[in-house]
Amino acid sequence: KYQDIISIFWIFIPISTIPTLSPFSIAGRESGIVILPEGTTTLSLPISWFGLLDVTIQGHENGSLLIYDGPECDAIIDIRGALRSTFKNFTLIVRSELVYSGLMISSLPHDGDHGLGCSNCLFENVIISHDVGSKDTQVGISVGPKEVNTYDVLNDWHTFSKCQVAGYKQ
């Protein structure tokens, strides 16, 4: 059954293959709620949320502002292999110039040669703003990887509600 197949994935997540990332990174979590810190948090490393099933990641009820001022990267928040998960009520401000995307949703694996699937996620009240004069950061939210002509076939049925993107080329 589908649920049984997903459960196999959670057992075999190679934690050692995940690079040095923000302490807010999460891998291989099934169900539950993760609340981001209250107030302003400056990030010096990207965040990766890999292999999530029925997980909610939400901002604190008094507000969660994430400011990225770290090195060049493909995405500040990199979501891969998330199924039926919710991401809501937080703001991301990008201050680094050489970042492809503020938030990237992908079915591509972190390591390996096959995708995990990324489907039926809800993004609600997520604000992403590029706060640098340069427009090297190309997209606020990328559904799929940055590689040109790449079709992310297992990445679909996401809902975006009350989300805002500002200061990007696209």
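Keep in mind it's a predicted model, so treat the numbers as computed, not measured.
Under the side-chain hydrogen bond (donor to acceptor under 3.5 Å, both in side chains) criterion, Ser119 pairs with Asp156, not counting sequence neighbours. Every residue was checked against the ring pair (Phe, Tyr, Trp, His ring centres under 6.0 Å) condition with Tyr68, not counting sequence neighbours, and none meets it. Partners of Thr86 by side chain to side chain contact (heavy atoms under 4.5 Å, CB included), not counting sequence neighbours, listed by chain and number: Thr56, Lys88, Leu122. Applying the ring pair (Phe, Tyr, Trp, His ring centres under 6.0 Å) criterion to Phe123, with sequence neighbours excluded, gives Phe87, Phe160. Residues satisfying the side-chain hydrogen bond (donor to acceptor under 3.5 Å, both in side chains) criterion with Glu38, sequence neighbours excluded, are Asn62. Asp69 meets the side-chain hydrogen bond (donor to acceptor under 3.5 Å, both in side chains) test with no other residue; sequence neighbours excluded.
The hydrophobic cluster containing Trp157, built from Ile/Leu/Val/Met/Phe/Trp/Tyr side-chain heavy atoms closer than 4.5 Å, comprises no other residue. Taking Ile, Leu, Val, Met, Phe, Trp and Tyr as members and joining any whose side-chain heavy atoms lie under 4.5 Å apart, directly or through other members, the hydrophobic cluster of Leu65 also contains Ile67, Ile93.
Under a hydrophobic-cluster definition in which Ile, Leu, Val, Met, Phe, Trp and Tyr are linked whenever side-chain heavy atoms come within less than 4.5 Å, directly or via other members, Trp49 and Ile128 are assigned to the same cluster.
For Cys118 against Ser106, the heavy-atom pair with the smallest separation is CB-O, 3.5 Å. Considering every non-hydrogen atom in both Gly140 and Val165, the closest pair reads CA-CG1, 3.6 Å.
By the 4.5 Å heavy-atom criterion applied to side chains, Arg29 and Val34 are counted as neighbours.
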Does the pair His158 and Asn120 meet the rule for a side-chain contact (heavy atoms from CB on, under 4.5 Å), with working shown?
CA-CA 5 Å; His158 303 299; Asn120 293 303; over 6 Å; no
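Exactly one of Ile79, Ile26, Asp78 qualifies for a side-chain contact (heavy atoms from CB on, under 4.5 Å) with Phe50. That residue is Asp78.
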